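Structure first, then comments.
Quick note on labels: first sequence line is chain A, next is B, and so on, each numbered from 1. None of these values were measured; they are calculated from a predicted model.
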There are 2 protein chains.
Amino acid sequence: MTVLLGDCLEQLQNIPEESVDLIYLDPPFFTQRKQKLKTRDNSKEYSFDDSWESIEDYKQFIKDRLEACKKVLKKTGSIFLHCDKSASHYLRVALDEVFGMNNFQSEIIWTYKRWSNSKKGLLNNHQNIYFYSKSKSFKFNTIYTDYSATTNIDQILQERVRDENSKSRYKVDENGQVVLGKEKKGVPLSDVWNIPFLNPKAKERTGYPTQKPILLLEQIIKIVTDEGDTVLDPFCGSGTTLVAADLLGRNYIGIDTSEDAIELTKERLNNPIKTSSHLLEKGEKEYLTKDETELAILNSLNALPVQRNKGIDGFLREYYKEKPVPIKIQKPNETFEEALDSLLFASQKRSCVLKVLIKTKHEDNLLDFITQEQPDENLIVIDSYDLIIKNWIKSHGNVEEFVTQ
Amino acid sequence: MTVLLGDCLEQLQNIPEESVDLIYLDPPFFTQRKQKLKTRDNSKEYSFDDSWESIEDYKQFIKDRLEACKKVLKKTGSIFLHCDKSASHYLRVALDEVFGMNNFQSEIIWTYKRWSNSKKGLLNNHQNIYFYSKSKSFKFNTIYTDYSATTNIDQILQERVRDENSKSRYKVDENGQVVLGKEKKGVPLSDVWNIPFLNPKAKERTGYPTQKPILLLEQIIKIVTDEGDTVLDPFCGSGTTLVAADLLGRNYIGIDTSEDAIELTKERLNNPIKTSSHLLEKGEKEYLTKDETELAILNSLNALPVQRNKGIDGFLREYYKEKPVPIKIQKPNETFEEALDSLLFASQKRSCVLKVLIKTKHEDNLLDFITQEQPDENLIVIDSYDLIIKNWIKSHGNVEEFVTQ
DNA sequence: AGGGAGCGTGAATCTGTTC
DNA sequence: CGAACAGATTCACGCTCCC
């Protein structure tokens with residue numbers, strides 16, 4: 001949990017060897033020009049020099065720092081080097097030399113849509129991130145994504161065999177029925193990541209040049225570290241990596257040569273803002289957080305979600321007796337009674353008539369309540385789909401039969 | 001319109017200097033293993049060797065051939081070098097050396113989804129194509145694509161100005177309103193190309209290893225050549241480049257060291273088969289047959305949506321008694337009985353045990369059914385939240401009280 | 001238009017060879 | 001004879017065009 005000022009080449013000497021699980025580097029690019037950017041209110045200008053004598057100089061500069069990085073990286077650790085098109089090939093040669101060709105794991109393509117002034121040629125809509133591990137036994141957490149829309153999931157569930165020509169065939173039993181295989185987990189994450197470029201208007205924007213979206217960093221951190229692991233960013237800039245590490249419960253170390261950057265980083269760490277990108281909310285499931293379940297329930301009711309309200313999660317689009325109809329979904333850490341009380345309290349304040357409570361948890365001592373009279377005749381209590389299924393299974397004996405493998 | 005047998009290093013000597021508009025190379029990758037593949041009917045096996053003494057040998061091999069290519073390329077011509085992750089960085093260094101860093105135009109990322117997937121780490125779902133021109137005055141035809149659905153059209157149409165710090169800003173009038181610019185043609189083509197990988201079932205397949213989709217080559221040919229121009233492929237393999245050039249009315253020259261390849265290429269040119277990709281033409285959305293309500297219900301159940309099966313809308317992620325649990329949502333144009341029948345039929349075929357039916361419509365004549373015995377003891381019928389609320393209101397009299405305001 | 005064939009990738013397992 | 005290694009073979013897998 002440190003942020004250090006200085007050249008990482010020197011600062012890395014003070015970090016214990018083999019103590020870091022992930023290093024993410026976003027070094028200055030070889031663009032041969034000065035990067036400048038002002039804060040929104042023009043009060044401050046950040047800048048740093050991106051110019052080098054030659055591409056060989058640049059490569060050596062990076063290589064020296066990569067060597068220092070390798071020292072502090074654990075045997076099971078990984079390094080991610082973020083490049084742009086100008087010099088990605090030279091940087092990768094440097095990585096090959098320091099970490100070894102065999103430890104190359106992936107070239108991650110970060111793609112985004114960007115409105116940019118048209119030049120002759122193709123629009124530049126991606127950047128490259130090279131993923132190397134320190135050894136063969138590197139830590140990796142597979143993230144599973146949904147199947148493609150073109151995939152016949154029904155068929156995915158079928159078991160297969162190989163025939164005499166070693167061609168794969170779907171297995172059928174003696175009656176010609178398909179045979180189903182084990183549970184499937186989904187499709188492992190690809191090396192092409194479609195994550196929106198930081199919107200210039202987004203709150204996340206700090207005004208520091210080359211800032212990367214938190215989502216990109218979160219994904220990297222998730223796949224190669226666990227909670228409590230240590231993340232290092234030797235060119236931390238505005239501190240996106242550290243903010244992401246912090247949000248995910250990882251320890252972090254940041255280094256930068258610029259006092260401005262260090263100051264800004266510390267500020268951001270005190271007050272992290274994550275952009276909730278519209279695109280991500282709609283499309284990409286892998287970023288869904290816990291309360292997405294809630295949102296899904298509200299969506300299936302075609303209800304308007306409400307934020308920051310203890311007793312009400314949403315309202316139906318229709319009114320009943322000229323009053324809005326509030327909906328409350330029981331939270332995992334809430335008893336039924338607590339949920340009910342907070343709904344009734346909130347509804348009364350707004351003088352709503354009809355109210356809906358979605359029950360998501362089974363509670364034995366509730367049997368009393370259900371057989372009793374309803375405490376409010378204009379209350380609808382609905383068991384969630386999930387709960388109904390769980391209850392059915394429970395009442396049919398073996399709950400153990402119903403397991404995620 | 002020639003197809004030549006032999007090493008391109010020699011064959012290129014016989015081609016007039018500065019006579020070619022586009023060179024596409026798909027040289028053997030540095031995979032260090034033998035590539036082989038059989039034709040569908042097992043009649044023929046194609047193979048070639050992808051192994052090299054060292055990466056330096058490989059790089060020199062390519063560099064020699066790039067030099068020869070440069071000679072025959074027109075001043076306005078371009079070269080596209082197709083690489084995969086194994087050695088793309090060394091190849092690009094070679095390109096820098098032969099054509100000059102300044103003539104680098106784009107790194108094209110060809111991304112696709114592919115069936116095969118078992119790997120510690122991220123799935124390899126892209127290949128790299130380096131686009132260099134011979135000079136600054138290279139030929140280029142801009143292709144415009146539709147604005148992506150997630151793009152904020154408003155922003156694209158806004159006019160922009162540069163302020164005193166040469167920073168780009170959206171132009172506003174004296175009232176602070178944004179000013180709309182001239183009509184735009186669309187978004188110029190990106191450097192990330194999503195083109196389906198040649199599918200195992202595609203008729204276009206020849207059985208030749210590493211065969212590329214015609215669509216990929218067509219896109220390359222379109223952006224840097226006009227009709228009547230000449231396209232050269234020094235490692236033509238199964239001849240995809242030549243077929244694409246032919247289909248687009250360009251002249252072509254192909255070279256390969258393998259007699260099999262030359263023979264196959266000639267055959268294909270006589271009878272070009274191009275697979276039309278429904279996925280590419282219609283987009284992924286076409287496959288998404290579920291409407292938002294259905295998806296919301298499946299989401300709230302944390303179920304996998306099934307896009308392509310009759311009788312089943314999704315599967316729970318957990319198995320019950322080692323069998324998947326299908327979910328069916330009653331459609332607006334479906335009676336309860338129809339929905340039930342199709343679910344039961346589909347479940348039986350897959351020998352599923354537990355099944356879930358979400359009822360979304362009230363039907364009076366169903367009273368019989370509900371009071372009767374369930375037709376299947378392992379069936380759970382759940383009223384949708386919506387239906388429960390509607391039923392409640394109905395039973396409490398005034399439906400007119402329930403209105404959208 | 002719903003259902004299914006067939007591929008090639010990378011791992012895990014098996015087999016063979018050497019000391 | 002056993003261990004260590006290398007090479008060969010087997011295995012599981014999801015995508016999408018075809019019928």
Determine whether the side chains of [X] and [Y] contain a donor N or O and an acceptor N or O closer than 3.5 Å.
X	Y	result
Asp84(B)	His126(B)	no
Glu107(A)	Asn128(A)	yes
Asp96(A)	Tyr132(A)	yes

Using only side-chain N and O atoms of [X], determine if any of them is under 4.0 Å from OP1 or OP2 of [N].
X	N	result
Asn117(B)	dG8(C)	no
Asn309(B)	dG3(C)	yes
Arg114(B)	dT9(C)	yes
Lys349(B)	dG3(C)	yes
Ser116(B)	dG10(C)	no
Arg205(B)	dG8(C)	yes

Would you mind reading off the distance between [X] atom [atom1] and [N] atom [atom2], rounded to a whole angstrom?
X	N	atom1	atom2	result
Lys282(B)	dT16(D)	NZ	P	17 Å
His126(B)	dC15(D)	NE2	P	18 Å
Asn194(B)	dC15(D)	CG	C1'	13 Å
Ile153(A)	dG2(C)	CD1	C1'	15 Å
Lys85(B)	dT9(C)	NZ	P	10 Å
Asn125(B)	dT9(C)	CG	P	12 Å
Asp191(A)	dT9(C)	CG	C1'	13 Å
Tyr112(B)	dC17(D)	OH	P	16 Å

- Can you name the residues that form a side-chain contact (heavy atoms from CB on, under 4.5 Å) with Ile273(B), not counting sequence neighbours?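 With sequence neighbours excluded, Ile273(B) shows a side-chain contact (heavy atoms from CB on, under 4.5 Å) to Lys203(B), Asn271(B), given in chain and number order.
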- Using atom types as modelled and distance alone, determine if a side-chain donor or acceptor of Thr151(A) lies under 3.5 Å from a backbone N or O of Ile153(A).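 No; zero donor-acceptor contacts below 3.5 Å.
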- Item | Gln348(B) backbone acceptor or donor facing Ser351(B) side chain under 3.5 Å |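 Side chain of Ser351(B) to backbone of Gln348(B): no pair is present.
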Looking for any heavy atom pair under 4.0 Å, which part of the strands does [X] touch: base, sugar-phosphate only, or nothing?
X	value
Ser148(A)	sugar-phosphate
Gly186(A)	sugar-phosphate
Asn124(B)	sugar-phosphate
Thr275(B)	sugar-phosphate

Protein N or O to nucleotides 11-14 of chain C N or O, pairs below 3.5 Å:
from: dA11(C); atom 1: OP1; to: Lys120(B); atom 2: N; distance (Å): 3.4

Please tell me which of the listed nucleotides, [options], lies nearest to the side chain of [X]?
X	options	answer
Ile156(A)	dT16(D), dC15(D), dG8(C)	dC15(D)
Lys201(B)	dC17(D), dC15(D), dG3(C)	dC17(D)
Lys203(B)	dC19(D), dA5(C), dT9(C)	dC19(D)

- Nearest non-hydrogen partners of Leu122(B) and Ser190(A), listed with the distance: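 Minimum heavy-atom contact is CD2-O, 3.8 Å.
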- Task: List the atom of Ile329(B), the atom of Asp313(B), and the distance in Å for their closest heavy-atom pair.
- Result: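 Smallest interatomic distance, heavy atoms only, reads N-OD2, 2.8 Å.
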- Taking the six-membered ring of Phe138(A), is the NZ or CZ of Lys120(B) close enough (under 6.0 Å from the centre) and on axis enough (within 45°)?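 Output yes; distance and angle both within limits.
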- Within 45° of the six-membered ring axis of Phe315(B) and under 6.0 Å from that ring's centre, is NZ or CZ of Arg350(B) located there?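 No, Arg350(B) does not sit over the ring of Phe315(B).
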- Query: To the nearest 10 degrees, what angle separates the axes at the start and end of the helix from dG2(C)-dC19(D) to dC19(C)-dG2(D), five pairs each?
  - Reply: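 Rounded value for the end-axis angle: 30°.
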- Considering heavy-atom distances to DNA chain C, does Phe197(B) or Gln155(A) have its closest nucleotide positioned more toward the 5' end?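 By nearest-heavy-atom nucleotide position, the 5'-most residue is Gln155(A).
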- Message: In terms of relative ring orientation, are Phe140(A) and Phe131(A) parallel, tilted or perpendicular, with 30° and 60° separating the classes?
- Response: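 Aromatic pair Phe140(A)/Phe131(A) classed parallel.
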